[in-house]
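Written out below as structure tokens is the structure these notes cover.
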Amino acid sequence: MSVTFLQPDGLVRSPAFSHVAVVPPGSATVYLGGQNGVDATGALVSPEVGPQAARALDNAKVALAAAGATLDDVVQWFVLIDASADVGAAYGAIAPQLAREGRRRSRPGHVSRGSGCRGR
């Protein structure tokens, strides 16, 4: 897959996201299910949010690879973090892989807190 990421003049430039992502005609669209901080057996990797976030991203890489894709092919991310979690620790664990100086990708740092449902 070859996605073109654009940073048009007149808009803020950020290493965290691009304003435009153009997917070429005929490209496959791949949808990933939500990934969590669990290992292949379904066990939570840590009680801490940083390692959970890192593992969720690692799990996304495994899922993408199964479809012949990589993080470079992702057009948009939605990151959901529990309202009680340390957002800085979670984002800090994944940001180095999602946003780098000079890298042009459409990765809006959308973080939604407290969007999950708690079990009873």
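If you read the sequence from its start, that first residue is 1, and numbering goes on from there.
Considering all non-hydrogen atoms of both residues, Leu6 and Val22 come closest at CD1-CG2, 4.1 Å. For the residue pair Asp73 and Val3, the shortest heavy atom distance occurs at O-CG2, 4.0 Å. Across all their heavy atoms, Gly37 and Leu44 have their closest contact at O-CD1, 3.4 Å. Across every non-hydrogen atom of Leu32 and Ala63, the tightest pair is CD2-CB, 3.6 Å. Contact detail for Ala53 and Ala90: the closest heavy-atom pair is CB-O, 3.6 Å. Heavy atoms only, all atoms of each residue included: Val30 and Ala67 are closest at CG1-CB, 3.8 Å.
By the rule that hydrophobic residues join a cluster once side-chain heavy atoms approach within less than 4.5 Å of another member, Tyr91 and Leu71 end up as members of one cluster. In the hydrophobic clustering of this structure, Leu98 groups with Val87; members are Ile, Leu, Val, Met, Phe, Trp, Tyr whose side-chain heavy atoms approach within less than 4.5 Å, directly or through other members.
Under the side chain to side chain donor-acceptor pair (under 3.5 Å) criterion, Asn36 pairs with no residue at all, not counting sequence neighbours. Take Val12 and apply the side-chain contact (heavy atoms from CB on, under 4.5 Å) test, not counting sequence neighbours, and it matches Phe17, His19.
To the nearest 0.5 Å, atom CG of residue Leu57 and atom CD of residue Gln97 are 4.5 Å apart. Atoms CG and CD, on Asn59 and Gln52 in that order, are 11.5 Å from each other to the nearest 0.5 Å.
Between Thr70 and Leu64 there is no side-chain heavy-atom pair separated by less than 4.5 Å. Using a 4.5 Å heavy-atom cutoff, the side chains of Thr29 and Val23 are not in contact.
With hydrogens and angles disregarded, no donor-acceptor distance shorter than 3.5 Å links the side chain of Gln76 to the backbone of Val74. Not one N or O on the side chain of Asp86 forms a donor-acceptor pair closer than 3.5 Å with the backbone of Val49.
Ion pairing between Arg55 and Asp58 fails under the 4.0 Å rule for side-chain N and carboxylate O.
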